Amino acid sequence: MKITLENWEIARVLQETADLLEIKGENTFKIRAIRMAADVVESYTESLSDIVYRGSKDLRDVPGIGEGLAKKIHEIATTGDTAERRALFEELPRSLLEILKLPGVGPKKVKAFYDQLKIATVDGLEAAARAQRLRHLPGFGEKTETKILAGIESYRRDQGRYPLWEIEPVAEALLAHLRALPQVQRMEIAGSYRRRRETVADLDILVSCAEAPTVMKHFVAYRQVKSVLLEGPTKTTVVFNSGLQVDLRVVEPESFAAALVYFTGSKNHNIAMRDMAKRQDLKVNEYGVFRLAGANEERLPTPSEKEVYSLLGLAYVPPEMRENTGELERAAQRQLPHLITIKDILGDLHMHTVASDGKNSIMEMAEAAQQRGLRYIAITDHSKSTYVANGLDEKRLLDHIKAIDQVNDTLEGIRVLKGLECDIRPDGQLDIDNEVLAQLDVVLISIHSHMGMPREEMTDRILRAFANPYAHIFAHPTGRLVKQRDAYPIEMERVMEAALHYKVALELDAFPTRLDLNDVYCRMAKERGVKLTIDTDSHMREHLVNVTYGINVARRAWLEKSDVLNTQPVGAFLKSLRHW
DNA sequence: GCCGTTTTCGGCCCGACTGTTTTCAGTCG
């Protein structure tokens with residue numbers, strides 16, 4: 001039977017294999033190779049399942065994948081698992097993987113607990129620690145026992161990764177606290193926060209200051225700090241009352257740029273960059289760039305991040321691109337894309353009013369958009385199938401069209417387009433008559449019901465909707481909600497092919513809980529020549545600011561102005577619908 | 001297990017901090 005796995009599902013099997021091999025004590029470089037391959041798979045913009053079934057490409061052409069991993073991936077794509085992983089699970093209980101997730105517990109400790117005390121679960125470990133049985137193991141002591149109990153507590157309370165939009169105000173407040181110190185020269189939030197990932201696991205704060213101890217003291221005294229995990233002369237780690245972990249690193253001013261590159265990461269970007277440095281007899285670390293000459297090393301000046309990259313023969317790489325997904329090769333060839341910015345967005349094509357489930361009138365939304373500098377918007381209330389949102393039927397929609405015309409008659413400087421967010425019924429038909437759709441400027445189509453359909457049926461349903469000549473833009477294409485709801489299963493390769501065929505644009509819905517399409521799929525669309533739109537899906541005028549979260553995703557997907565339809569003036573934009 | 005202007009074997013990024021150690025292994029990022 002043919003099974004279809006998304007790339008992230010294949011990546012997870014590989015990561016688990018790596019975890020198990022690590023507990024077994026296998027060669028660390030082999031493990032690293034598997035983890036690297038898993039990361040490559042997860043961000044790969046072609047379906048590996050598809051490649052395997054079609055035989056359309058040699059997996060060994062993918063960077064980081066050679067003979068062995070190509071075989072493993074083939075096996076996973078066709079059977080869902082590997083014989084190797086099954087054998088490992090015969091030997092080591094699955095629950096060990098959970099122990100491995102505990103902070104401060106790595107593969108060596110997991111192995112020691114299991115081999116010497118037969119501990120296989122987090123509960124078992126907790127009981128052993130409470131009974132003071134861990135301290136007798138060689139290399140362990142009383143403090144380790146205490147730390148493990150604390151680690152278990154934080155793991156149980158841990159909410160994992162936090163959405164970026166939730167963390168931003170927390171981060172800003174902390175920066176304000178630190179900025180109050182006159183000794184602080186430069187300060188930046190680095191890590192995945194700066195790379196603008198949709199969620200972050202912790203905050204990495206970088207400060208340049210000649211008096212590190214003063215900054216550390218001030219940091220630890222912050223009112224949100226609940227406990228201190230590590231405290232050294234240059235690095236301190238604390239946990240906030242909310243459970244968020246925050247790292248502070250203090251460096252000398254001359255090292256700030258190199259440290260910023262290092263702490264922004266990602267890890268794989270750093271590894272690849274340092275590897276490139278080594279080939280040029282250079283060394284890169286968080287203190288600077290050094291030229292190696294025999295036993296001596298000469299420190300090269302790095303006043304800015306741009307200099308750090310430049311010394312390695314690279315163009316400056318924007319933080320959002322630093323994921324080791326090909327950006328370094330492009331930087332070496334001076335062929336980095338010119339990433340889209342918020343200023344490029346001239347229109348917003350997805351918003352609701354009091355006519356369906358919005359909080360403001362057409363006029364209020366238009367005025368708010370105009371204040372933000374937009375040149376056009378589309379009012380796209382729900383259609384009748386979304387009855388929980390008071391969706392419009394044909395008659396109410398026709399009245400709404402008239403109301404939009406009236407706003408256009410009275411408002412200068414912004415154009416309000418007549419639109420609809422039209423439901424795709426389970427059979428793939430749109431739920432509003434074509435003769436009414438024909439009177440609209442912009443028709444979004446989207447799925448709000450029957451999300452549990454099997455992958456193939458769901459894909460067929462979407463493709464039938466694309467065939468409707470009045471469908472312009474497929475809104476929030478996967479239906480996922482960040483950390484709340486997985487995407488409904490679809491065959492993304494087929495959806496993209498059809499989008500290109502019918503010239504239906506795909507939406508990047510910037511609403512912070514959606515961010516749909518995500519970064520990997522947006523990049524996939526760009527590579528296939530499928531156009532996107534970036535819209536806020538606003539339900540009140542205050543939501544219009546959320547476009548910035550869409551820009552975050554777009555930049556991570558390497559999108560340029562030309563990839564996004566609503567960067568065009570309104571006339572060109574309207575002509576481009578179904579004709580890009 | 002991957003990879004190649006040191007190539008098909010022998011390398012594989014680099015450093016901070018902790019706890020248990022008398023010089024370092026484990027963990028983390």
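Remember, it's a predicted structure, so these values are computed and weren't measured experimentally. In the text below, chain A, chain B and the rest are named by the order of the sequence lines, each starting its count at 1. Values below: every heavy atom of this structure, side chains too, minus hydrogens, waters and symmetry copies.
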Fill in: NZ or CZ of A:R196 within 45° of A:Y193 ring axis and under 6.0 Å
yes
Pair up each side-chain donor or acceptor in residues 204-217 of chain A with any protein partner under 3.5 Å, not counting sequence neighbours, and list the distances.
unit_1: A:S208; atom_1: OG; unit_2: A:R186; atom_2: N; d: 3.1
unit_1: A:E211; atom_1: OE1; unit_2: A:T214; atom_2: OG1; d: 3.3

Practice prompt. List the steps and the verdict of side-chain hydrogen bond (donor to acceptor under 3.5 Å, both in side chains) for A:E527 and A:T45.
Written response: CA-CA 8 Å; A:E527 287 177 1; A:T45 53; 2.5 Å; yes
Practice prompt. Please name all residues satisfying salt bridge (Lys or Arg N to Asp or Glu O under 4.0 Å) with A:K306, sequence neighbours left out, ordered by chain then number.
Written response: none
Worksheet item: Given the C1' atoms of B:dT5 and B:dG1, what is the spacing between them in whole Å?
Response: 24 Å
Discussion item. Suppose we screen for ring pair (Phe, Tyr, Trp, His ring centres under 6.0 Å). Which residues come up paired with A:F511, at least two apart in sequence or across chains?
Written reply: A:H543
Worksheet item: B:dC3 and B:dT8: how far apart are their C1' atoms, nearest whole angstrom?
Response: 10 Å
In a table with atom names and distances, give each donor-acceptor pair under 3.5 Å that connects a side chain of residues 249-257 of chain A to protein atoms at least two apart or in another chain.
unit_1: A:R249; atom_1: NH2; unit_2: A:E286; atom_2: OE2; d: 3.1
unit_1: A:R249; atom_1: NH2; unit_2: A:Y287; atom_2: OH; d: 3.4
unit_1: A:S255; atom_1: OG; unit_2: A:Y287; atom_2: O; d: 2.9
unit_1: A:S255; atom_1: OG; unit_2: A:R299; atom_2: NH2; d: 3.4

Worksheet item: Heavy-atom contacts under 4.0 Å between residues 64-77 of chain A and DNA chain B, which residues?
Response: A:G64, A:I65, A:G66, A:E67, A:G68, A:L69, A:K72
Fill in: side chain to side chain donor-acceptor pair (under 3.5 Å) partners of A:T17, counting only residues at least two apart
none
Worksheet, complete the sentence: Within residues 84-95 of chain A, the residues having a heavy atom closer than 4.0 Å to DNA chain B are none
Just distance, no hydrogens or angles: give the donor-acceptor pairs under 3.5 Å from side chains in residues 173-185 of chain A, sequence neighbours left out.
unit_1: A:H177; atom_1: NE2; unit_2: A:H218; atom_2: O; d: 2.9
unit_1: A:H177; atom_1: NE2; unit_2: A:H218; atom_2: NE2; d: 3.3

Practice prompt. With C1' as the reference atom in both, quote the distance from B:dT20 to B:dG26 in angstrom, rounded to an integer.
Written response: 11 Å
Worksheet item: Could you give all pairs that pass the salt bridge (charged side-chain N to carboxylate O under 4.0 Å, His left out) test and reach residues 545-555 of chain A, with sequence neighbours left out?
Response: A:E320-A:R555
Practice prompt. Heavy atoms under 4.0 Å is the rule here; annotate nucleotides 14-22 of chain B 5' to 3' with B where the base is hit, S where only the sugar-phosphate is, and - elsewhere.
Written response: BSSSSSS--
Worksheet, complete the sentence: Residues of residues 103-116 of chain A with a heavy atom under 4.0 Å from any atom of DNA chain B, listed by number, are A:P103, A:G104, A:V105, A:G106, A:P107, A:K108, A:K109
Worksheet entry | Neighbours of DNA chain B within residues 32-49 of chain A, by heavy-atom distance under 4.0 Å | A:R32, A:A33
Fill in: Euclidean distance for C1', B:dT6 against B:dC17 (whole angstrom)
35 Å
